[in-house]
Chemist: 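Please see the structure below; I have some questions.
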Amino acid sequence: MTASVPATAAPAAEPVLRRPSLVGRTRAGLLEALAEIGVPEKERRMRVGQLWNWIYHYGVRDFDAMTTIGKGLRGQLAAHFTLDLPSVTAEQVSTDGTRKWLMRMPSTGPHDRGAEIECVYIPEVDRGTLCVSSQVGCTLTCTFCHTGTQRLVRNLTTEEIVAQVMVARDRLGDFPNRRPPEGAFVPNDGGRFVSNIVFMGMGEPLYNFDGVRDAIAVITDDQGLSIGRRRITVSTSGVVPQIGPLGEEMGTMLAISLHAVRDELRNELVPLNKKYPIKDLLEACRNYPGLSNAKRITFEYVMLKGVNDSDAEARELVRLLKGIPAKINLIPFNPWPGTKYECSDWDRIERFSEIVFRAGYASPVRTPRGRDILAACGQLKSETEKLSARARLMLDEAQADAPAVAAE
Ligand code: SAH
Ligand code: SF4
């Protein structure tokens, strides 16, 4: 059974200029905000530290709660900015405790209703993982992925990426002096409720490199959201030239959407493979900065019936990964309306995983979570696509000004 919380009213397109929110900004972004409202230069750095602490450590929603900042400046800040989070237009809770939020980002211009994105929270007893999006839609067209069929695409801004984490912590009461909602399933190990982040929602994170890098800087800052780099995983379909820089500049864990062991099949499933074939991809993995047995690469492999799930392919998978500190995640395929693929039968998945297990890789099948609320991998697809032709045209117009997305 799915418990659906009634949607809070989404704001209609607003022609008037809204005060921008400070939530999601980098330290440099906050510094700019203070300069804009005329805070003296010698004070700015100290003020950024205070704002940072209130916004990201305490998660306050009101400038008046910022008691270390004088009344005058608080008033000035409130006159020019807000501490708004994106509005949550729907929240769904699965029987297994998984939560999915549909959020609408603030409008970026007179004709933009604001990007609509989904974000999924997967609680376990000793961790809480938030699956975030890096783009609205995806320019890539992996044939088994619902997001890949979406037409509208743009990069999410740094603020929009950070805001997903802020919404999750706010809704879960994961800030000091706050409590989780009644009956919510959250980890009970004494740690934060949102303890891990995976970039496995919509979009290809390495095609939004700068946005993701700056968001990760905010998310990992130990005076704020304070989520360690080893608890963040960036998943890529294989943008080879950006894999080294990802390790150097972000230092997060890496996941590779492999899904096939032969180029011919991978070309079909993950068309980006035509540009960066398996051999080049694995070479980039071998050279991933910081790679060790304690910092392994996760290889994701979606189980498609009669397509990539034979014993021979399992053996080839193990052979290919030899010498790379790796974990293997077998993902049961999540079907969506209109797809030509089916999920492998359970005994086939078991057989495949046994071969992988005997080669020394532990617990490789990822249990599907939140299936009853369509929260699982590859099912996130924004409603924006269902806009009327006219609204879409207006949105396209607004997006002409948005940051360019690396197209294939
Ligand atoms: N673009 C990035 C990250 C987002 S996709 C990437 O491709 O890695 C996150 C994961 O979900 C990827 O491993 C992707 O291959 C997988 N996925 C996509 N559609 C799926 C589906 N229908 N069933 C199961 N996994 C899927
Ligand atoms: Fe894009 Fe990843 Fe989906 Fe491929 S699997 S279309 S890269 S979101």
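First listed ligand is number 1; within each ligand, the first listed atom is number 1.
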Chemist: Decide whether the shortest distance between a heavy atom of Tyr341 and an atom of ligand 1 is less than 4.0 Å.
Modeler: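 The answer is no: ligand 1 sits nowhere under 4.0 Å from a heavy atom of Tyr341.
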Chemist: Quick one: are Val270 and Cys142 in side-chain contact, heavy atoms under 4.5 Å?
Modeler: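 Yes - at least one pair of side-chain heavy atoms lies under 4.5 Å apart.
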Chemist: Show me which atoms of ligand 1 lie under 4.0 Å from any heavy atom of Met200.
Modeler: 4 (C), 9 (C)
Chemist: Is a side-chain donor or acceptor of Asp280 paired with a backbone partner of Tyr276 at a separation under 3.5 angstrom?
Modeler: no
Chemist: With a 3.5 Å distance limit and no angle check, can you tell me whether Arg230 reaches the backbone of Lys295 through a side-chain donor-acceptor pair?
Modeler: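 No, the answer is negative, given that no donor and acceptor are paired below the 3.5 Å cut-off.
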Chemist: Where is the tightest heavy-atom contact between Leu225 and Arg169, given as atom of each residue plus distance?
Modeler: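 Here Leu225 and Arg169 meet closest at O-NH1, 2.8 Å.
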Chemist: Among Gly201, Ser235, Cys131, which one has a heavy atom closest to atom 4 (C) of ligand 1?
Modeler: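 The nearest heavy atom belongs to Gly201.
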Chemist: State, to 0.1 Å, how close Leu291 and Cys285 come at their nearest heavy-atom pair, and which atoms those are.
Modeler: CD2-O, 3.3 Å
Chemist: Looking only at heavy atoms of Ala255, does any of them come nearer than 4.0 Å to an atom of ligand 1?
Modeler: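 No.
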Chemist: So which bit of Glu300 gets within less than 4.0 Å of ligand 1, heavy atoms only: side chain, backbone, both or neither?
Modeler: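 For Glu300, only side-chain atoms sit under 4.0 Å from ligand 1.
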Chemist: Before signing off on this row, confirm whether Cys138 and ligand 1 have an N or O atom pair separated by under 3.5 Å.
Modeler: no
Chemist: Within a 6.0 Å radius of atom CZ on Arg179, are there more than 12 heavy atoms belonging to other residues, nucleotides or ligands?
Modeler: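 Not more than 12 within 6.0 Å, no.
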Chemist: Look at Cys138 and state whether any of its N, O or S atoms is less than 2.8 Å from atom 4 (Fe) of ligand 2.
Modeler: no
Chemist: Do the charged groups of Arg213 and Asp210 touch, with an N to O distance under 4.0 Å?
Modeler: yes
Chemist: Which atoms of ligand 1 have any heavy atom of Phe199 under 4.0 Å away?
Modeler: 3 (C)
Chemist: In terms of atom number and element, which parts of ligand 2 are under 4.0 angstrom from non-hydrogen atoms of Leu140?
Modeler: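 With Leu140 as reference, the close atoms of ligand 2 come out as 6 (S), 7 (S).
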Chemist: So is there a nitrogen or oxygen of His146 less than 3.5 Å from a nitrogen or oxygen in ligand 1?
Modeler: no
Chemist: Counting from 1, what ligand 1 atoms have a heavy atom of Ser237 closer than 4.0 Å?
Modeler: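 Matching atoms, with element in brackets: 6 (C), 7 (O), 8 (O).
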Chemist: Considering residues, nucleotides and ligands other than Arg178, do more than 12 of their heavy atoms fall under 6.0 Å from its CZ?
Modeler: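 Counting neighbours around CZ of Arg178, more than 12 heavy atoms of other residues, nucleotides or ligands fall under 6.0 Å, so yes.
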Chemist: Would a 4.5 Å heavy-atom cut-off, applied to side chains only, mark Met200 and Thr233 as touching?
Modeler: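 Touching, per the 4.5 Å side-chain cut-off.
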Chemist: Please identify which atoms of ligand 1 are closer than 4.0 Å to at least one heavy atom of Gly203.
Modeler: 1 (N), 2 (C), 3 (C), 4 (C)
Chemist: Going by an N to O cut-off under 4.0 Å, is there a salt bridge joining Arg358 and Glu354?
Modeler: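 Yes, charged N to carboxylate O under 4.0 Å.
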Chemist: Heavy atom under 4.0 Å from ligand 1: found in Asn334's side chain, backbone, both, or neither?
Modeler: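 For Asn334, backbone and side-chain atoms both sit under 4.0 Å from ligand 1.
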Chemist: If you count the atoms of ligand 1 from 1 in the order shown, which ones are under 4.0 Å from a heavy atom of Cys145?
Modeler: 18 (C), 19 (N)
Chemist: Would a search of protein heavy atoms around atom 2 (Fe) of ligand 2 find one under 4.0 Å away?
Modeler: no
Chemist: Test of understanding: given a 4.0 Å heavy-atom threshold, classify the contact between Cys142 and ligand 2 as side chain, backbone, both, or neither.
Modeler: both
Chemist: Report, in ascending order of atom number, the atoms of ligand 1 lying under 4.0 Å from any heavy atom of Thr236.
Modeler: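 Within the 4.0 Å cut-off of Thr236, ligand 1 contributes 6 (C), 8 (O).
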Chemist: Using a strict cut-off of 4.0 Å, indicate which atoms of ligand 1 neighbour a heavy atom of His259.
Modeler: 13 (O), 14 (C), 15 (O)
Chemist: Mark up the atoms of ligand 2 that fall under 4.0 Å of a heavy atom belonging to Ser237, in ascending order.
Modeler: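 The atoms of ligand 2 under 4.0 Å from a heavy atom of Ser237 are 7 (S).
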Chemist: Going by the atom numbers of ligand 2, which of them fall below 4.0 Å from some non-hydrogen atom of Gly148?
Modeler: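 Heavy-atom distances to Gly148 below 4.0 Å select 6 (S).
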Chemist: Provide the closest heavy-atom pair for Arg47 versus Gln50 in the form atom of the first, atom of the second, distance.
Modeler: NH1-OE1, 2.9 Å
Chemist: Side-chain contact test, heavy atoms from C-beta onward, threshold under 4.5 Å: evaluate it for Leu272 versus Tyr207 and give yes or no.
Modeler: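 Yes, side chains in contact.
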